[in-house]
Amino acid sequence: MAIESKAYQPEIVEKRWYDQWNQSGSFKGNPEAGEKDSYSIVIPPPNVTGMLTMGHVLNNTIQDVLVRNARQQGMNTMWLPGTDHAGIATQTRVEKELRKEGKTRHDLGREKFLDLAVKWRDKHGGIILKQLQSLGASCEWERTVHTLDDDYSHAVLKAFVDLFDRGYLYRGKRMVNWCPVSLTALSDEEVIMKPQKGILYKMKYRIAEDPGAFIEISTTRPETIMGDTAVAVHPDDPRYQKWIGKHAVRPFPEAKIPIIADSAVEKDFGTGALKVTPAHDKLDFEIGERNYLEVIDVFNPDGTLNELAGEPFVGLERFEARKVAANKLEELGLLIEKEDYDNNVGFSERADVPIEPRLSEQWFLKYPKVEEAKKAVRDGMIKFYPERWEKTYLHWLENIQDWCVSRQLWWGHRIPVWYRKGEDRSLPENWHVSLEGPEDPENWDQDEDVLDTWASSWLWPFATMGWPNGDEEKRQGLHTFYPTSALVTGPDIIFFWVARMIMAGLEFMGPEKKELTDDEIRERIPFHHVYFTGIIRDKQGRKMSKSLGNSPDPLDLIAKYGADGLRFSILNVAPIGQDIRFSEENVEQGRNFCNKIWNACRFRQMSGEFEDNTSLQSILSRITPGDLDDVDKAMLSRTLQTIAEVKEAVDTYQFTVITHKLYAFFWTDFCDWYVEASKTKLKDETTKATCLAVQDFVIRQFLMMLHPVCPFITEELWHLMGYGSENSFIHDVQVITAKEVQEALERLGVDKLESAEQSIQALRESITSVRALKAEFNLSSNKSVRFLLQENKDFSELISEQSDNLKNLSGIGTLDIVSDTPENMPVTVTPVGSFYLDLRGAIDVDKERARIEKEVQKLQGIIKGIEGKLNNEGFVANAPASVVEGAKKQLEENQGKLGQLNAMLSKLE
RNA sequence: GGGCGACUAGCUCAGUUGGUUAGAGCACCUCGUUUACACCGAGGGGGUCACAGGUUCGAAUCCUGUGUCGCCCACCA
């Protein structure tokens with residue numbers, strides 16, 4: 001095999017490897033290995049009919065980096081994939097299709113509709129999993145779980161029954177968030193508050209007992225007047241004392257309603273008097289309960305008005321009714337004024353219409369293990385990255401409200417509750433709750449509703465591994481892979497999913513218990529770490545969404561830039577805890593990097609035959625320690641450092657650090673410097689073999705480090721460079737630490753790496769300065785220029801050793817070492833000495849003087865600053881010795897530089 | 001109304017316990033096709049680190065306040 005093409009072609013390479021990995025069983029974990037040395041992640045299940053978005057790309061790239069890294073560490077690794085049935089979203093899609101034929105789900109009936117939904121799912125479903133594969137996701141695909149699978153569904157219902165038996169579930173008539181479009185109740189978390197420009201209507205109701213007197217009331221919702229059953233004022237409000245206990249006249253339908261006192265009323269808002277509509281407002285409902293008020297529901301489920309509203313409102317849509325009601329008030333002379341008003345209105349997350357507070361009978365869950373869930377995070381048994389989300393999490397748990405888990409949908413897990421036929425469903429004696437159903441089904445009706453999708457996905461970390469079937473748990477390795485190692489998700493579902501999974505784990509991953517000890521909490525938590533990604537936004541900072549059309553199709557990006565390029569780039573711009581502004585230009589960097597790697601390897605191939613590259617040891621044994629110069633040693637030193645830095649970054653979830661370090665290491669240190677310097681060495685047969693071995697070593701370790709981020713190109717090059725045999729993979733090779741590599745080098749007799757790195761750093765800086773001086777005189781591409789060098793004595797050995805490199809890399813034709821300052825020559829003062837550009841007298845003395853004087857001025861500024869510091873007693877007394885030493889050294893260096901420049905100035909004529 | 005986050009080069013962002021002259025990528029300017037790579041190489045310009053105080057020998061970094069933007073939570077109709 002050989003590296004042929006001039007540019008890296010990801011489409012060919014990616015196709016080659018994915019199936020091989022998957023078929024070889026590389027992605028499989030061993031369920032029997034036990035918890036020790038196991039690493040597991042469960043995927044946040046995407047909607048089964050969803051398409052890959054940039055959010056998925058980020059999220060799953062991170063997970064893939066984590067599991068691939070774990071495999072390289074030799075851990076028993078398992079990444080479990082799956083999909084979510086996504087109740088409302090999927091049902092809405094199917095209903096939309098139906099509507100095209102002019103039908104509703106009710107025309108079909110439950111069974112036929114569900115058949116259709118299943119067909120829809122099977123046709124459009126699972127595409128996203130294929131898309132994840134083209135991204136390179138190394139999931140154990142044989143374990144793919146869908147939340148409506150039989151086993152998973154059984155788990156969901158079992159959890160429901162258990163929670164009922166344990167007293168956490170109850171059915172009650174309560175105020176819920178009703179979506180008039182989806183026609184279902186929603187949980188509080190599914191309601192999005194949005195600021196709205198509305199109108200505050202100020203109106204007046206007659207006082208029944210006192211003709212001619214009125215009470216003034218403010219409302220934003222005149223369409224609910226028909227449901228008013230009281231007017232409430234604050235008990236301490238002096239203005240209204242005289243009316244408490246009397247009656248107001250509701251204008252339409254006209255009726256006497258009591259004026260009551262309730263401390264929930266804000267005295268300072270509006271007129272201080274509140275119309276109370278218990279059926280259509282949560283606060284009003286509570287006031288109604290306290291004061292035994294009648295509840296009049298004037299709305300139909302779809303948000304139109306019903307007969308109780310009376311004419312002319314019956315059948316009107318709610319916002320239309322608002323206008324009609326306002327007009328009617330005006331006609332009756334009861335409207336005082338209309339005022340523009342900004343307020344917050346709850347919207348249905350899915351349907352994006354204002355929700356309607358509505359009284360209905362639903363199933364509610366009182367959350368289990370709330371205190372333990374707080375403790376788990378507060379005490380660090382579960383760690384959040386970044387930490388600050390702990391506050392958000394704890395705040396939510398402090399103020400937790402019961403969870404409305406029933407949904408008036410068909411697509412989902414049907415609630416395992418049966419009601420005695422014809423009896424009152426609100427009475428517990430008429431309920432049957434079980435997995436099997438009642439023994440006399442003819443006498444019972446099953447609840448029509450399904451469970452909230454999140455009431456199934458909150459079991460994800462264990463219901464995907466065989467729970468609650470003991471044999472299956474064992475077969476699938478629940479004891480091995482639970483608790484999972486890390487969860488990677490967005491902070492937007494911290495309440496929906498993360499918090500609930502923690503509570504579910506604490507409740508179910510052990511025998512029933514009211515309270516848990518710390519050790520039990522530790523055993524039951526669903527994951528050890530939670531990494532919260534940022535949210536991907538577009539260039540303008542807007543959230544990516546289908547409706548805005550600002551979300552690029554990741555598959556297009558993969559086709560254009562390669563999966564590795566995309567993976568590298570998304571990590572490179574996604575710092576921990578920050579939202580990400582993404583634009584396609586970002587991806588170019590990743591693609592370019594892959595291309596750079598490809599070509600560096602191609603250069604290595606062109607430089608000489610590959611020797612035995614099959615193990616680290618075989619490569620190291622090709623190094624002759626005596627042939628290593630400082631350039632080689634500096635490269636080895638950088639490699640060791642980078643190995644350590646990248647490991648640290650992976651362990652602390654600093655993904656941008658990983659990419660930045662690898663990029664700088666490979667591009668700057670290896671390609672721009674070492675490979676360029678190699679060109680000198682490769683011409684010399686005595687140093688060539690060692691130099692190639694160093695290159696092979698660096699590339700090998702680099703590919704291993706990069707592999708979790710860019711699996712495809714690293715696998716390809718791994719084989720092309722002869723690092724692995726045909727039937728093995730790069731991830732089969734366990735990584736070793738920087739320390740272990742260093743020890744291996746020391747055994748070879750290779751040492752003094754750090755001092756070599758410092759020398760080479762000085763040399764590199766010097767070369768840059770020489771190049772800059774040449775550029776200033778438009779001589780960049782002239783290779784035959786003569787320089788005179790006044791050496792810095794500390795570096796004379798280095799200079800003689802590296803004189804070829806120095807000349808080649810800075811484009812010097814002739815280099816003469818001198819001891820005196822020459823006359824009339826432009827100079828650059830560098831760490832290794834002063835370089836004088838021999839222009840054979842063709843020099844503009846005034847210009848040159850000006851140039852040097854500018855430089856002198858700059859240096860004087862720096863020197864003054866350092867001197868000021870050193871003359872400051874406080875600094876010398878308090879700063880650490882190393883910092884003071886550093887300052888002294890710096891002063892010395894700059895003074896030396898200044899002296900050189902002044903010497904040159906005196907030689908300018 | 002409470003809470004959280006951001007503000008550093010034209011743009012997107014690094015800057016980990018305070019310590020040399022604040023960095024990267026892109027964009028820009030100049031030069032370059034020397035046999036890895038133009039998805040390239042060399043050099044360069046560009047920042048009063050949002051603002052105001054404070055702590056300190058020393059602040060982009062810590063504290064207090066202000067401003068702008070964003071997000072989350074919250075039953076003022």
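Computed from a predicted structure; not experimentally measured. We name chains A, B, ... by the order of the sequence lines, and we start the count at 1 in each one.
In terms of position along RNA chain B, the nucleotide closest to A:V573 lies nearer the 5' end than the nucleotide closest to the other residue of the pair A:V573 and A:R591.
By the salt bridge (charged side-chain N to carboxylate O under 4.0 Å, His left out) test, A:R322 is found to be paired with A:E223, residues two or more places apart in sequence or in another chain being considered. Under the side-chain contact (heavy atoms from CB on, under 4.5 Å) criterion, A:E765 pairs with A:Q761, A:P831, not counting sequence neighbours. Among residues two or more places apart in sequence or in another chain, the salt bridge (charged side-chain N to carboxylate O under 4.0 Å, His left out) test is passed with A:D342 by A:K197. Evaluation of the side chain to side chain donor-acceptor pair (under 3.5 Å) rule for A:W396 yields A:E189 as partners, not counting sequence neighbours. Every side chain to side chain donor-acceptor pair (under 3.5 Å) that A:Y561 has, sequence neighbours left out, goes to A:E584. Scanning for salt bridge (charged side-chain N to carboxylate O under 4.0 Å, His left out) contacts around A:E609 gives an empty result, with sequence neighbours left out. Listed by chain and number, the residues in a side chain to side chain donor-acceptor pair (under 3.5 Å) with A:T224 are A:K275 (sequence neighbours excluded). Partners of A:R602 under the salt bridge (charged side-chain N to carboxylate O under 4.0 Å, His left out) rule, at least two apart in sequence or in another chain, do not exist in this structure.
No contact: A:A887 has no heavy atom under 4.0 Å from any strand. A:N872 comes within 4.0 angstrom of sugar-phosphate atoms only, judged by non-hydrogen atoms across all strands, and of no base. Residue A:K679 is in base contact, counting any heavy-atom pair closer than 4.0 Å across all strands shown. Nucleic acid contact for A:K889: none, since no nucleic acid atom lies under 4.0 Å from a heavy atom of the residue. Within 4.0 Å of A:R602, counting heavy atoms only, lie sugar-phosphate atoms of the nucleic acid but no base atom. Residue A:P357 is classed as having no contact, given no heavy-atom separation below 4.0 Å to the nucleic acid. No contact: A:S607 has no heavy atom under 4.0 Å from any strand. Across all strands shown, A:C671 has heavy atoms under 4.0 Å from base atoms, whether or not it also approaches the sugar-phosphate.
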Distances under 3.5 Å between protein N/O atoms and the N/O atoms of nucleotides 73-77 of chain B, please, pair by pair.
from: B:A74; atom 1: N6; to: A:N344; atom 2: ND2; distance (Å): 3.1
from: B:A77; atom 1: OP2; to: A:Y341; atom 2: OH; distance (Å): 2.8
from: B:A77; atom 1: O3'; to: A:T220; atom 2: OG1; distance (Å): 3.3
from: B:A77; atom 1: N6; to: A:E266; atom 2: O; distance (Å): 2.7
from: B:A77; atom 1: N1; to: A:E266; atom 2: N; distance (Å): 3.2

Polar atom pairs (N or O), protein with nucleotides 21-28 of chain B, under 3.5 Å:
from: B:G25; atom 1: O2'; to: A:Q589; atom 2: OE1; distance (Å): 3.2

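For the P atom pair drawn from B:U61 and B:U17, the interatomic distance equals 12 Å after rounding to whole Å. Going from the C1' atom of B:C57 to that of B:U20 covers 15 Å, rounded to whole Å. Across the P atoms, B:A36 and B:C31 are found 24 Å apart, a figure rounded to whole Å. Taking the P atoms as reference points, B:A14 lies 15 Å from B:C62, given to the whole Å. B:C37 sits 24 Å from B:C29 when the C1' atoms are compared, rounded to a whole Å. Taking atom P in both B:U8 and B:G45, one finds a spacing of 22 Å when rounded to whole Å. Taking atom P on both B:U64 and B:A74, the two are 27 Å apart, rounded to the nearest angstrom. When the P atom is used for both B:A38 and B:C26, the distance is 15 Å, rounded to whole Å.
Ranking B:A42, B:C57, B:A36 by closeness to the A:N599 side chain, first place goes to B:A36. Proximity note for A:F875 (side chain, C-beta onward) versus B:C4, B:C37, B:C57: the nearest is B:C57. For A:S781, the side-chain atoms get nearest to B:G32 when compared with the rest of B:G32, B:U35, B:G43. Closest to the side chain of A:T392, out of B:C72, B:C57, B:U35, is B:C72. Here the side chain of A:A600 is nearest to one of B:G41, B:A36, B:G19, namely B:A36.
In this structure, CG of A:N878 is placed 15 Å from P of B:G18, rounded to the nearest angstrom. The nearest whole Å value for the distance from the CG atom in A:D672 to the P atom in B:C40 is 11 Å. Here B:C40 presents its C1' atom at 19 Å from CH2 of A:W673, a figure rounded to the nearest Å. Between A:K661 atom NZ and B:U16 atom P the separation is 11 Å, expressed in whole Å. Regarding A:I535, its CD1 atom lies at a distance of 9 Å from the P atom of B:C71, rounded to whole Å. Rounded to whole Å, atom C1' of B:C72 lies 15 Å from atom CD1 of A:I493. Between the C1' atom of B:C13 and the CZ atom of A:F582 lies a distance of 15 Å, rounded to the nearest Å. Atom-to-atom, NZ of A:K774 to P of B:A42 comes out at 14 Å; the value is rounded to the nearest Å.
Pairs passing the salt bridge (Lys or Arg N to Asp or Glu O under 4.0 Å) check and including a residue from residues 657-676 of chain A, sequence neighbours excluded, read A:R638-A:D669, A:E645-A:K661, A:D669-A:R764, A:E676-A:K679.
Partner A:F532 forms a ring-ring contact (aromatic ring centres under 6.0 Å, His included) with one of A:F384, A:W497, A:Y393, A:Y653 and no other, that one being A:F384. When the options A:T828, A:L773, A:I812 are evaluated for a side-chain contact (heavy atoms from CB on, under 4.5 Å) with A:L837, the one that passes is A:L773.
Taking 4.5 Å as the limit, every side-chain heavy atom of A:I296 sits out of range of all side-chain heavy atoms of A:T277.
Pairs of Watson-Crick or G-U wobble type, with distances under 3.5 Å, assemble into runs of 3 or more in RNA chain B at these ranges: B:1-7 with B:67-73, B:10-13 with B:23-26, B:28-32 with B:40-44, B:50-54 with B:62-66.
Between the side chain of A:E676 and the base of B:A36 there is at least one donor-acceptor pair of N/O atoms closer than 3.5 Å.
Between the side chains of A:N177 and A:D188, a donor-acceptor pair is found at a separation under 3.5 Å.
Across all non-hydrogen atoms, the minimal contact from A:L720 to A:F610 is O-CE1, 3.7 Å.
Close to B:C4, at under 4.0 Å from its OP1 or OP2, lies no side-chain N or O of A:R388. Taking only side-chain nitrogens and oxygens, A:K391 never comes nearer than 4.0 Å to OP1 or OP2 of B:G3. Proximity of A:T652 to the phosphate of B:U16: no side-chain N or O atom is located under 4.0 Å from OP1 or OP2. Between A:W598 and B:C39 there is no side-chain polar atom (N or O) within less than 4.0 angstrom of OP1 or OP2.
Residues A:E390 and A:K374 are not paired through a salt bridge, judged by the lack of any N-O separation under 4.0 Å between the basic side chain and the carboxylate.
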